[in-house]
Amino acid sequence: MRSSYCTIPRLGIAGLTLALAAGMVGCDDGITDPTAAEAEEAFSAALDGETLSVLRFEVVNSGITVTGVTEGDSIFVDGVRRVSGSSVEDAENHLDELQVEIAAEGDELVIRTIQPQDSRGRNYEVDYEVTVPARYTVYVEAANAAVAVSSIESLVSIAAANAAVTMDNIVGSVIIDLANGGVECEVMLPDLGAIDIALGNGAIDLRIPDSTSAELSASVGNGSISTMNLVIQDEVITETTLTGTLGGGTGTITLTVGNGVIALIGFAVT
């Protein structure tokens with residue numbers, strides 16, 4: 001059985017612990033598809049995050065789930081490394097080329113995917129499920145990813161070439177920059193906070209409290225903009241743009257799509 005590669009510097013983190021659980025499975029049913037057979041290995045880590053305040057991902061092909069909790073300072077990282085190849089033997093032989101690095105760097109916990117630059121027809125993927133204190137700032141930098149973030153009370157920033165992003169119960173600012181993808185977010189924007197979402201191609205579905213205070217600007221190159229359950233003051237609408245003020249206008253909301261649609265929906269906070 002292979003052992004997961006996971007590096008965590010001990011400097012700057014008191015009581016840091018790492019628990020790795022490795023289990024590899026493969027399947028081969030004779031299919032000749034060059035990526036039909038898989039080998040995978042699970043890993044997990046438990047850390048004391050009292051001295052940290054930022055969670056940062058630097059990944060390639062990943063599924064990422066981040067959940068914030070209001071009690072305690074523990075961080076839990078669970079995941080699976082997965083390689084698809086022409087056969088089980090091929091996938092197993094190259095699984096060690098796909099590595100996960102977890103490192104404390106200043107006030108940040110950085111999670112990196114390390115894989116060959118040339119995949120030679122194989123697929124390398126890592127799925128992450130991470131629980132952090134809700135106070136943490138979250139940064140994601142990815143080539144291709146599916147990202148789900150919930151219950152974070154700070155900035156969430158995501159930059160990716162291709163991604164599907166979902167956010168729920170975010171209390172803080174949000175910055176998203178995608179070349180291609182989709183965004184579904186529920187955000188409670190604080191005073192002086194900012195929501196800035198830009199997509200080259202795709203759709204934005206943003207839900208905010210109907211009491212939100214922000215200067216609003218939305219634009220599409222080709223597509224449509226719609227709003228629901230919001231009172232927009234000084235509203236100016238064209239075929240491709242919408243501007244106006246929500247509440248007192250203390251924050252900012254900027255939504256931009258090259259090709260696609262924007263939907264902005266207000267909801268009552270109970």
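Along the sequence shown, the residues carry numbers beginning at 1. Not measured: the values here are computed from a predicted model.
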Less than 4.0 Å between a side-chain N and a carboxylate O, is that true for Arg120 and Glu97? no

Of Asn123, Asn93, Leu95, the residue whose pairing with Val83 passes side-chain contact (heavy atoms from CB on, under 4.5 Å): Leu95

Cluster check Val171, Val269: I/L/V/M/F/W/Y, side chain < 4.5 angstrom: yes

Does Leu230 belong to the same Ile/Leu/Val/Met/Phe/Trp/Tyr cluster as Leu255, with side-chain heavy atoms less than 4.5 Å apart forming each link? yes

Should Val183 and Asp205 count as side-chain neighbours, where that means a heavy-atom distance under 4.5 Å? no

Decide yes or no for Val60 and Tyr124: does some side-chain heavy atom of the first lie under 4.5 Å from some side-chain heavy atom of the second? no

Same apolar cluster: Met228 and Leu216, side chain cutoff 4.5 Å: no

Ignoring hydrogens, what is the shortest heavy-atom contact between Ala91 and Ala37? Give both atom names and the distance. CB-O, 3.9 Å

Can a donor-acceptor pair be found, under 3.5 Å and without considering hydrogens, that links the side chain of Tyr136 to the backbone of Glu153? no

What's the spacing between Glu184 CD and Ile204 CD1 if we round to 0.5 Å? 11.5 Å

Measuring only between side-chain heavy atoms, which start at C-beta, is Val77 closer than 4.5 Å to Phe43? yes

Measure the CD1-CD distance between Ile75 and Glu50 for me, rounded to the nearest 0.5 Å. 11.0 Å

Separation of Ile253 CD1 from Leu264 CG (nearest 0.5 Å): 6.0 Å

Answer whether the closest heavy-atom distance between the side chains of Leu189 and Ile208 falls below 4.5 Å. no

Could you tell me the separation between the CD1 atom of Ile197 and the CG atom of Leu206, rounded to the nearest 0.5 Å? 5.0 Å

Could you tell me which non-hydrogen atom of Ile152 sits nearest to which non-hydrogen atom of Gly68, and how far apart they are? CD1-CA, 3.9 Å

Between Glu141 and Arg56, is the salt bridge (charged side-chain N to carboxylate O under 4.0 Å, His left out) condition met? List the steps. CA-CA 8 Å; Glu141 300 173 14; Arg56 182 182 297 275; 3.2 Å; yes

Under 3.5 Å, is there a donor-acceptor pair between the Thr137 and Ser154 side chains? yes

Which residues satisfy the salt bridge (charged side-chain N to carboxylate O under 4.0 Å, His left out) test with Asp73, sequence neighbours excluded? Arg135

Heavy-atom count check: over 12 atoms from other residues, nucleotides or ligands less than 6.0 Å from Glu129 CD? no

Decide yes or no on side chain to side chain contact (heavy atoms under 4.5 Å, CB included) for Val126 and Arg82, but give the supporting numbers first. CA-CA 6 Å; Val126 182; Arg82 184 178 299 108; over 6 Å; no

Only one of Thr256, Asn180, Leu178 forms a side-chain contact (heavy atoms from CB on, under 4.5 Å) with Leu199, so which one is it? Leu178

Under 3.5 Å donor-acceptor, Glu58 side chain and Val110 backbone: no

As a quick check of understanding, evaluate side chain to side chain contact (heavy atoms under 4.5 Å, CB included) for Asp90 and Arg122, giving each step before the final call. CA-CA 9 Å; Asp90 177 72; Arg122 301 178 188 89; 2.9 Å; yes

Check for me, please, whether Val130 and Val69 land in the same ILVMFWY cluster - side-chain distances under 4.5 Å, paths through other members count. no

Does Arg112 reach the side chain of Val100, with side-chain heavy atoms less than 4.5 Å apart? no

Examine the side chains of Asp210 and Asn229 and answer whether a donor and an acceptor come within less than 3.5 Å of each other. no

Distance-minimising heavy-atom pair for Gly106 and Leu52: O-CD2, 3.6 Å

Shortest non-hydrogen contact from Ser74 to Pro133? O-CD, 3.8 Å

Would you kindly confirm whether Ile225 and Ile237 end up in one hydrophobic cluster when ILVMFWY residues are joined by side chain heavy atoms under 4.5 Å apart? yes

Could you tell me whether a side-chain N or O of Ser213 sits under 3.5 Å from a main-chain N or O of Thr250, the two making a donor and an acceptor? yes

Check whether Ser62 reaches the backbone of Ile64 with its side chain - one donor and one acceptor, N or O, closer than 3.5 Å. no

Given the rule in the side chain to side chain contact (heavy atoms under 4.5 Å, CB included) test, do Val140 and Leu55 qualify, once you have shown the distances and angles that lead to the verdict? CA-CA 8 Å; Val140 176; Leu55 173 65; over 6 Å; no

Nearest-0.5 Å distance, CD1 of residue Ile262 to OG of residue Ser226: 9.0 Å

Which pair of heavy atoms, one from Ser173 and one from Pro190, lies closest together, and at what distance? N-CD, 4.4 Å

So do Asn169 and Met188 actually touch side chain to side chain, heavy atoms under 4.5 Å? yes

Please tell me whether Phe57 and Tyr128 form a close aromatic pair, meaning their ring centres lie under 6.0 Å apart. yes

Does the side chain to side chain contact (heavy atoms under 4.5 Å, CB included) test come out yes or no for Leu98 and Ile114, once each step is laid out? CA-CA 6 Å; Leu98 178 62; Ile114 301 171; over 6 Å; no

Does any part of the side chain of Met167, heavy atoms only, come nearer than 4.5 Å to the side chain of Val156, both counted from C-beta? yes

For the atom pair CD1 (Ile176) and SG (Cys185), what is the distance rounded to the nearest 0.5 Å? 4.0 Å

Using a 4.5 Å cut-off on heavy atoms from C-beta on, say whether the side chain of Leu155 contacts that of Val138. no

